[in-house]
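I have placed the structure first, in the form of C-alpha cells, so that the comments after it can refer back to it.
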Amino acid sequence: MLDPAADDPVVEEVELPGAGFPNDLTRTPGGMWITDSARDRLYRVRVAPDGSAGGVARRPLSGDWDPVADDPPGTFGANGVRRLRDGDLVVVDSRDGGLFAVDIPSGVAEEIPVCGRRDLTGGDGLVLDQRILYVVRGRTDNRVEILQVRKAGGTWRAFYRRSVGDPDLSVPSTATLDRDSLWAVNAEFGTGDETFEVVRVGL
C-alpha cells in the first residue's frame with residue numbers, strides 16, 4: 001500500500017503466499033485483485049474501509065484457461081487485469097494473447113472472442129475506459145491494440161478497432177489513460193537498457 005504524499009510512500013506490505021510473479025492489479029469493491037504471471041491464479045487482498053489491507057486469498061484459474069505449468073520456466077501467463085462493468089475481471093494471457101472474462105467467486109475463465117482479431121500475444125497492461133479496452137503489447141510488439149468490449153446474451157465479446165504505436169516505446173508494460181493520450185511505462189525487459197521512461201502515446 002502506498003501513500004504518494006508521504007516522505008516514505010510505503011505504508012503497508014502484503015505477502016502473497018506461494019506467488020511466482022505478482023504482476024498487474026485492479027481495485028474492486030471487495031479489495032484488490034492481482035495476477036500471478038507465473039501461476040494459473042489470481043490473488044485477492046481485502047481492503048478495509050480505512051484503506052488497510054486484510055486477508056489474502058488465492059483464486060485458481062479454471063475453465064477455458066490454458067495451464068502454464070507445462071511451459072518453459074519464465075513463461076508469462078496471466079498479466080493485465082481490469083474490472084468489467086458486470087463485476088467480472090478481464091485478464092490477458094501474455095503467452096498466447098487470449099482475453100478472458102473471469103468470474104470472481106469461482107475463478108472460472110471464459111475466453112472472450114475477438115472479432116477482426118489482432119495479434120495480442122505479449123499483452124501486458126490493460127486500460128479499460130467504458131467499453132474501450134487498450135491492450136499494451138511489450139514482449140512481442142511495441143504497440144497498443146484498441147478493442148471495443150460488450151456483453152450480449154451473457155457472453156463478452158471484443159471487436160478490434162485499431163493499433164497505435166510510438167517509436168519511443170520499448171517493451172511497454174503498464175499504462176494509464178489521460179484524456180486523448182495513453183501514458184505507458186517502458187519496462188525494457190531483455191533490452192539491456194537501464195534507462196526507464198514513461199511514453200505519451202497519442203490516441
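For the single chain, residues carry numbers from 1 onward in sequence order.
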Under 4.5 Å between any side-chain heavy atoms of [X] and [Y], yes or no?
X    : Y    : value
V114 : F159 : no
I34  : L42  : no
E145 : R143 : yes
F196 : N186 : no
L120 : L147 : yes

Expected output: side-chain [X] to main-chain [Y] donor-acceptor under 3.5 Å:
X    : Y    : value
R59  : I104 : yes
R58  : L16  : no
D129 : I132 : no
R82  : V127 : no
T35  : S37  : no
E12  : A53  : yes
D180 : L203 : no

Please tell me whether [X] and [Y] are part of a single hydrophobic cluster in this structure, the criterion being side-chain heavy atoms less than 4.5 Å apart.
X    : Y    : answer
V14  : M32  : yes
V144 : V185 : no
V164 : L182 : yes
I146 : L177 : yes
L25  : V47  : yes

**OP:** May I have all residue pairs that pass ring-ring contact (aromatic ring centres under 6.0 Å, His included) and include part of residues 11-61, sequence neighbours excluded?
**Re:**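 Applying ring-ring contact (aromatic ring centres under 6.0 Å, His included) to every pair that reaches into residues 11-61, excluding sequence neighbours, yields F21-F76.
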
**OP:** Could you name each residue pair satisfying ring-ring contact (aromatic ring centres under 6.0 Å, His included) that touches residues 90-120, not counting sequence neighbours?
**Re:**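 Those involving residues 90-120 are W65-F100.
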
Original post:
If you measure only the distance, is there a donor-acceptor pair under 3.5 Å linking the side chains of S106 and D103?
Top reply: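 A pair is found: one side chain offers a donor N or O, the other an acceptor, under 3.5 Å apart.
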
Original post:
Quick one: do the Q148 and R161 side chains pair a donor with an acceptor below 3.5 Å?
Top reply: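 Present: a donor and an acceptor within the cut-off.
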
Original post:
Hey, mind stepping through V108 and L61 against side chain to side chain contact (heavy atoms under 4.5 Å, CB included) and telling me if it holds?
Top reply: CA-CA 6 Å; V108 173; L61 292 168; over 6 Å; no

For [X] and [Y], which heavy atoms make the closest approach, and how far apart are they?
X    : Y    : value
P17  : V56  : CD-CG1, 4.1 Å
G116 : Y160 : O-CB, 3.0 Å
A175 : V136 : CB-CG2, 3.8 Å
V149 : A158 : CG1-CB, 3.9 Å
V102 : A109 : CG2-CB, 4.0 Å
V81  : T26  : O-CB, 3.7 Å

Subject >> From N23 atom CG to D124 atom CG, the distance as rounded to the nearest 0.5 Å >> reply: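 Nearest 0.5 Å value for the CG-CG distance: 6.0 Å.
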
**OP:** To the nearest 0.5 angstrom, please state how far the CD atom of E197 sits from the CG atom of D168.
**Re:**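 Rounded to the nearest 0.5 Å, the CD-CG separation comes out at 6.5 Å.
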
Atom pairs and distances, side-chain donor-acceptor, residues 83-94, under 3.5 Å, sequence neighbours left out:
from, atom 1, to, atom 2, distance (Å)
D86, OD1, D88, N, 3.0
D86, OD2, K151, NZ, 2.5
D86, OD2, W156, NE1, 3.1
D93, OD1, R95, N, 3.0
D93, OD2, R95, NH2, 2.9
S94, OG, N79, ND2, 2.9
S94, OG, G123, O, 2.4

